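Just so it is clear, the structure is predicted and the values come from calculations on it, not from any experiment. Just so it is clear, the values below take in all heavy atoms, side chains as well, and ignore hydrogens, waters and symmetry mates.
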Amino acid sequence: MHFRHILSALGRHRIAVGLLVLEIAFSCAVVCNALFLIGDRLERMQRPSGVDEAHVVELFIGSVTPGSADAVMAQTRTDLAALQAIPGVASASVINQTLFGNSLSSSGVSLSDAAKAPSIPVTQYMGDARLAGTLGLKLAAGQWFKPDEFVTREQLISGSPGLPVIITKAVAEHLFPGQPAVGKTIYAFGANRVVGVLDRLVQPRDSGPAAYYGYAMMFPVNLPYTEGAYVIRVKDASQREAVIQGALRALKASGPMRLITPKYAFTLESQRDKYYRNDRAMAWLLVGVCLLLLVVTAVGIVGLTSFWVAQRRRQIGIRRAIGATRGDILRYFQAENFLIATLGIVLGMVLTYGINLLLMRHYELGRLPGYYLPLGALVLWVLGQLAVLGPALRAAAVPPVVATRSV
Amino acid sequence: MFVYYLDLALRSLKRNKVLTALMVIAIAVGIGASMTTLTVTYLLSGDPLPGRSQRIFYPQVNPSPHASTKHGPWDVMDYRSAMDLWSARRADRQALIANATVKLGAPGSGRPPLMVPTLATTADFFPMFDAPFRYGRGWSADDDAGRTRVVVISDDLNRKLFGGEDSVGRTLRLKDGDVRIVGVLAPWRPSPVFYDVRGGRYSNGDTASFFGRPEDVFVPFAAAEDLVGNDFDAFTCWAGWDSANASLQSSPCVWMGLWVQLDDAAKVAGYRSFLASYAAQQKTLGRIAYAEDTRMMGLMQWLDFNQVVPSDVRLQTWLAFAFLAICLFNTVGLLLAKFLRRGGEIGVRRALGATRRAVFAQCLVEAGLIGVLGGVGGWLLTLLGLWLIRRQPVAYADLARLDVAMFLVTFGLAVAVSLLAGALPAMRASRIAPALQLKVL
């Protein structure tokens with residue numbers, strides 16, 4: 001291919017070529033960064049929670065004139081027994097906060113009880129002996145709480161000495177890098193003994209930097225239903241709706257008048273869906289913008305190339321008359337587009353990097369991984385070749401006889 | 001001359017319909033995308049209390065007794081500090097606020113009880129924040145002092161419970177006590193719900209919830225203490241608190257905000273020194289550790305501090321303008337092609353005596369006409385974009401509408417973009433040498 005000829009021809013249209021190069025460069029930069037943002041959102045939406053989400057449903061019961069603390073606790077035990085008895089239920093528990101729920105309770109955790117000791121915020125889950133099984137949590141090390149270790153919420157808050165705690169691997173690796181955490185002591189509610197390390201459990205909702213998302217711990221607490229929600233594990237995921245209906249009936253029958261409505265009963269999956277709907281909307285928006293952008297860029301390429309073809313009709317006719325084949329003409333325009341696209345992509349890479357730096361500064365995004373650059377380049381090369389095909393075929397169809405006419 | 005150029009431009013646009021359509025579509029899409037996001041940003045970053053916001057302030061002290069928590073005051077205050085500052089009455093107006101979600105029943109309506117967002121506040125709230133009343137009025141300072149069980153309800157709740165009629169004087173059941181309705185608000189939708197804004201800097205830019213609706217029930221703070229008990233939402237606690245046996249009022253938790261209105265600069269300075277002396281006095285009493293850790297931001301400054309414009313919205317705005325830039329390059333290229341193709345025609349005009357300036361003006365008129373057409377398309381696409389946003393599951397969805405100002409900006413931007421795009425090609429066209437072009441004809 002005669003790149004030198006193409007270059008000298010392009011030199012006669014510096015402004016138009018410059019515009020195309022700029023357009024392609026901008027498209028490349030925006031598309032690369034948008035793809036990266038989409039990937040970032042998808043990754044965020046797919047973060048595992050450590051909970052067996054497909055088998056868990058939850059119910060919030062509005063407390064109405066609860067009565068004495070003992071009476072509420074007794075009612076909670078009655079409710080739990082009634083929930084366990086529903087067919088299809090594997091286990092039922094009370095939990096203080098639910099995944100993807102609205103509330104988040106957390107404490108500063110440190111390695112000493114000195115007031116100035118550096119601490120990290122760790123979210124706390126409290127629940128009864130069945131909770132770990134209900135959520136389907138997995139231990140990485142150590143063991144679950146023993147049946148005699150369960151206390152009341154008041155005992156936990158007043159810092160009863162030596163209460164055990166189970167922390168997540170993320171917390172363990174932060175506090176005790178490279179060492180086994182089981183048997184160590186952390187300071188959360190007074191001094192707490194680490195008896196187990198969870199594979200993974202996350203904050204109910206994002207709070208603080210992304211690295212904090214996996215910071216969670218569990219305490220052995222028998223909670224009244226008024227302090228949290230009922231979580232139920234079903235044996236078979238297809239029974240979730242039936243179990244919710246059964247649970248609402250069972251709770252209505254098991255105690256005094258309370259606020260029990262299907263409005264506050266959810267599957268954990270629907271809660272996850274709701275929690276991430278903004279991210280999903282944003283990802284779709286970015287997909288839409290990318291597509292529109294590529295269409296606009298293609299329109300620009302088609303427009304300018306058509307103009308060049310019309311302008312060079314005579315020259316094309318002369319080339320055809322002195323022996324160039326249709327293929328030669330076609331390849332000439334394709335090569336020309338390839339050159340322009342390459343220039344645009346090179347400039348676009350620089351722009352991509354610059355926009356990424358800006359995004360990193362303002363939106364807590366990571367560095368753009370290198371593989372987005374060749375991906376963006378490929379997209380624009382293909383787009384350029386597709387866009388140029390129409391005008392180039394029209395150019396190839398110019399008959400040699402044009403050369404002999406005066407206009 | 002202008003009319004003649006307009007006629008020429010129309011003829012020229014009709015001659016190559018495909019190229020014209022491509023340019024109009026490119027401008028319309030760019031304008032549509034950027035105006036949609038710009039409208040949202042404009043709606044979310046506006047002043048919720050125009051004309052008054054500069055007189056509204058948010059005083060804060062740090063009530064922590066521990067020397068280890070020097071991080072600026074928490075976003076809200078504990079009961080003691082908030083009550084002390086409020087009852088000192090050093091500002092022109094002052095309102096306490098605390099939030100709770102409370103069970104509400106309408107006896108006799110036959111409806112099951114609802115859980116409604118409730119704001120416990122004080123008498124000055126309504127005049128200070130210009131809350132409009134449809135029926136009745138707010139309560140008085142005497143009602144605050146006398147712990148009177150009255151409420152003001154929102155227009156939404158009034159429609160839901162009473163079908164929108166005048167419900168002043170009726171009784172509602174708030175948690176376990178009867179309350180009398182003294183006022184019904186007219187539709188009121190401050191955006192954001194500025195008096196509830198807090199914690200924005202911890203939310204990772206996910207601040208769409210600030211743009212929800214105001215509470216459905218407003219109740220005097222003292223009456224709410226009796227009715228709601230410990231069910232208020234606490235922001236955070238600096239020590240353990242046994243909620244079953246101790247009151248929220250004596251707890252080590254922060255859960256109350258105070259808004260004050262200060263009408264001139266001298267009063268602002270006066271209030272700042274009052275705040276400092278209050279903190280110093282509390283430090284001497286041994287209740288708080290950091291007397292110098294006080295803060296008083298103006299309303300707009302507080303919204304800014306809480307980064308109320310969601311980061312997704314800001315990102316979309318940047319994206320839309322990058323998009324507009326690409327559409328601009330595209331239009332420049334296409335206009336260049338269009339004008340230079342008419343080299344012969346321009347050569348004739350020049351040979352017949354048209355000046356370069358005249359050719360330039362003619363080209364710009366054509367570009368401007370494309371801009372107006374693109375503006376119409378962009379306006380329609382903006383309406384479509386805002387309609388799509390209204391269907392999104394975000395708290396500000398119902399706010400996304402085009403007002404007159406943004407409608408004018410749409411056309412202004414479209415024409416400006418097309419003239420900008422037309423300038424370079426028009427310059428090139430006006431520099432065409434007549435002789436060369438005539439030779440080829």
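- Closest heavy-atom contact between B/C327 and A/V296: SG-CG1, 4.1 Å.
- For the pair B/D312 and A/M282, the tightest heavy-atom approach, listed with the atom from each and the gap, is O-CE, 3.9 Å.
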Start with the C-alpha distance between B/L424 and A/I15, add both sets of side-chain angles, then the distance that settles side-chain contact (heavy atoms from CB on, under 4.5 Å), and finish with yes or no. CA-CA 9 Å; B/L424 180 83; A/I15 293 179; 3.5 Å; yes
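- Only the side chain of A/L359 comes within contact range of chain B, judged by heavy atoms closer than 4.5 Å.
- For chain B, no part of A/L20 is nearby; none of its heavy atoms comes within less than 4.5 Å.
- Interface remark: of the candidates B/L22, B/L340, B/L319, B/L315, B/L315 forms the most heavy-atom pairs closer than 4.5 Å to chain A.
- For the pair B/I25/A/V299, no side-chain contact is recorded, criterion being any heavy-atom separation below 4.5 Å from C-beta on.
- To the nearest 0.5 Å, the span separating CZ on A/F26 from CG on B/N330 amounts to 13.5 Å.
- Using a 4.5 Å cut-off between heavy atoms, B/R314 contacts chain A through both its backbone and its side chain.
- With a 4.5 angstrom heavy-atom cutoff, A/R41 touches chain B only via side-chain atoms.
- Taken to the nearest 0.5 Å, the CD atom of B/Q316 stands 8.0 Å off from the CG atom of A/L286.
- Proximity to chain B is limited to the side chain of A/L37, based on heavy atoms less than 4.5 angstrom apart.
- For B/R431, the CZ atom is loosely surrounded, since the number of other residues' heavy atoms within 6.0 Å does not exceed 12.
- At a 4.5 Å heavy-atom cutoff, B/A33 makes no contact with chain A through either its backbone or its side chain.
- With a 4.5 angstrom heavy-atom cutoff, B/V29 touches chain A only via side-chain atoms.
- A/E23 touches chain B through backbone and side chain together, each having a heavy atom under 4.5 Å away.
- Rounding to the nearest 0.5 Å gives a distance of 10.0 Å between CZ of A/F307 and CG of B/L19.
- The neighbour count for B/R391 CZ, taken as heavy atoms of other residues, nucleotides or ligands under 6.0 Å away, does not exceed 12.
- In the displayed structure, B/W318 atom CH2 is contacted under 6.0 Å by at most 12 heavy atoms of other residues, nucleotides or ligands.
- More than 12 heavy atoms of other residues, nucleotides or ligands sit less than 6.0 Å from atom CZ of B/R173.
- For A/Y264, the part sitting under 4.5 Å from any heavy atom of chain B is the side chain, from C-beta outward, and nothing else.
- Within 6.0 Å of CZ on A/R272 lie more than 12 heavy atoms contributed by other residues, nucleotides or ligands.
- The CZ atom of B/F329 lies 4.5 Å from the CG atom of A/L22; values are rounded to the nearest 0.5 Å.
- From B/I326, atom CD1 reaches atom CG of A/L293 across 4.0 Å, with rounding to the nearest 0.5 Å.
- A/L304 and B/G333 get closest at one heavy-atom pair: CD2-O, 3.3 Å.
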Apply side-chain contact (heavy atoms from CB on, under 4.5 Å) to the pair B/F323 and A/V30, showing each step before the final yes or no. CA-CA 8 Å; B/F323 198 109; A/V30 174; over 6 Å; no
